[in-house]
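Notes follow once the structure below has been shown.
Note that the coordinates shown come from a computational prediction; the quantities given were computed from them, not determined experimentally.
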Amino acid sequence: ADGGSQQERVVTEEEWLHKWEMGNIGFHKEQGHPLLQKYLDVLLNGRSGLRIFFPLCGKAVEMKWLADMGHSVVGVELSEQALKEFFSEHSLPYCEEPIPEISGGKLFQSTSGNISLYCCSIYDLSSAIVGKFDGVWDRGALVAVNPCDRQRYVSLMTSLMEKNSSYLLVTVSYDPNKHKGPPFYVPDSEVKSLFG
C-alpha cells in the first residue's frame with residue numbers, strides 16, 4: 001500500500017492546537033505506553049543518565065517516569081496548554097522563558113532542571129539549540145507529521161542523535177484507505193528507507 005490518499009493530507013498547526021483545546025486527545029495515554037515499559041531496556045541499553053528526546057511530546061507521562069529514573073528529558077510540543085498540563089498534573093514546579101533563537105518559542109523547564117520542554121514547531125529546533133540525544137522515544141510523532149514532511153522530519157531527528165543512540169519508534173498498522181489520519185500509516189518498508 002502506498003498510503004492511498006494520505007500522501008496529500010496536511011494537518012495544520014491550528015488543527016493540533018484545537019485538539020488540545022477541545023480535549024480531543026485520544027492519543028494521550030494516562031498510564032504511560034506499555035511498549036516503552038516493554039522495550040525500556042533496548043532504549044537505555046544498560047546506560048544511566050541519558051538525554052532522551054520526546055518529539056511531539058504532548059503531556060506524555062513517560063517524561064516524568066524517565067526523569068525520575070535519573071535521565072534528562074527534552075520534549076517539543078506545539079501546544080502550550082499540553083505542556084502546562086504536564087507540569088500541573090504531576091505537581092512539578094517549572095519556569096518559563098523565551099527561546100532566543102526561535103521567534104515566539106518558549107522553554108518550560110522543571111525547577112529540578114531534568115525536564116526541558118520546548119513549545120514551538122519541531123522544525124524550529126536544531127542540535128545547536130537542544131544538543132544531541134542518547135535516546136529517542138518516537139511514539140506518535142513520525143505517524144503524526146504530514147506525509148510530505150516525513151523526509152524533513154527524519155533528517156532533523158538523525159541530526160539530533162548521538163552516534164550510539166537508540167531510537168524507539170511506534171507506528172500504527174491499518175488500512176490507509178479507510179482512515180484519513182492522523183495517525184498516518186507508515187509501512188515498515190518506508191521506515192527502513194527513511195532511516196536507512
Side-chain angles (χ1 to χ4, degrees), residues 1-29 33 35-36 43 52-60 62-63 74-83 86 99 101-107 117-133 135-162 165-196:
D2 59 357
S5 56
Q6 289 191 352
Q7 296 304 333
E8 309 303 314
R9 171 110 162 99
V10 172
V11 186
T12 63
E13 296 194 343
E14 288 70 28
E15 283 178 72
W16 282 112
L17 293 173
H18 188 64
K19 284 177 189 289
W20 280 99
E21 278 160 32
M22 302 306 292
N24 178 14
I25 53 168
F27 48 80
H28 176 68
K29 288 197 175 345
H33 201 291
L35 286 173
L36 181 57
L43 183 65
I52 300 175
F53 186 47
F54 279 67
L56 317 190
C57 61
K59 55 176 182 176
E62 295 89 346
M63 296 193 289
V74 175
V76 59
E77 167 59 47
L78 209 50
S79 166
E80 184 171 323
Q81 178 187 340
L83 299 181
F86 169 78
I99 308 167
E101 305 91 334
I102 301 173
S103 167
K106 290 181 184 176
L107 171 60
L117 306 181
Y118 289 80
C119 186
C120 59
S121 159
I122 189 166
Y123 304 114
D124 288 334
L125 295 184
S126 66
S127 58
I129 299 174
V130 293
K132 294 199 173 203
F133 300 97
V136 176
W137 169 240
D138 184 330
R139 178 263 148 174
L142 176 66
V143 296
V145 301
N146 291 319
C148 57
D149 290 330
R150 261 175 217 158
Q151 193 60 64
R152 180 186 181 194
Y153 170 81
V154 170
S155 302
L156 169 67
M157 296 305 286
T158 310
S159 74
L160 297 180
M161 291 165 70
E162 294 284 13
S165 77
S166 342
Y167 195 110
L168 279 193
L169 172 68
V170 180
T171 58
V172 284
S173 186
Y174 61 81
D175 178 348
N177 299 307
K178 298 202 169 90
H179 178 71
K180 65 183 196 302
F184 297 106
Y185 174 68
V186 186
D188 289 351
S189 56
E190 185 170 353
V191 170
K192 288 189 180 74
S193 66
L194 283 168
F195 286 98

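With respect to E101, the side-chain contact (heavy atoms from CB on, under 4.5 Å) criterion is satisfied by exactly one of D124, I129, L125: I129.
Residues R150 and E190 are paired through a salt bridge, judged by an N-O separation under 4.0 Å between the basic side chain and the carboxylate.
Using modelled atom types, no side-chain atom of Y185 and backbone atom of V172 make a donor-acceptor pair closer than 3.5 Å. With hydrogens and angles disregarded, no donor-acceptor distance shorter than 3.5 Å links the side chain of E13 to the backbone of S79. Proximity of a side-chain donor or acceptor of E62 to a complementary backbone N or O of H33 within less than 3.5 Å is detected. Put simply, the side chain of E77 never gets that close to the backbone of C119: no donor and acceptor are under 3.5 Å apart. Judged purely by atom type and a 3.5 angstrom limit, S155 uses its side chain to pair as donor or acceptor with the backbone of Q151. Without hydrogens or angle criteria, D138 side chain to A141 main chain gives a donor-acceptor distance under 3.5 Å. Of the possible polar contacts, none joining the N146 side chain to the C148 backbone as a donor-acceptor pair under 3.5 Å is found.
Between G131 and L160, the shortest heavy-atom distance links the atoms O-CD2, 3.8 Å.
For an aromatic pair to be called close, the ring centres must be under 6.0 Å apart, and F195 with Y167 satisfies this. Checked against the 6.0 Å centroid criterion, the rings of W20 and F27 qualify as a close aromatic pair.
For the atom pair CG of L142 and CG of L169, the computed distance is 5.5 Å after rounding to the nearest 0.5 Å.
Note that R9 lies outside the cation-pi zone of F184, set by a 6.0 Å cut-off to the ring centre and a 45° limit from the axis.
Annotation: K132, atom NZ; neighbour count of heavy atoms from other residues, nucleotides and ligands within 6.0 Å is above 12.
Ring geometry for F53 versus F133: interplanar angle under 30°, hence parallel rather than tilted (30 to 60°).
Side-chain contact check for E14 versus H18: every heavy-atom pair is 4.5 Å or farther apart.
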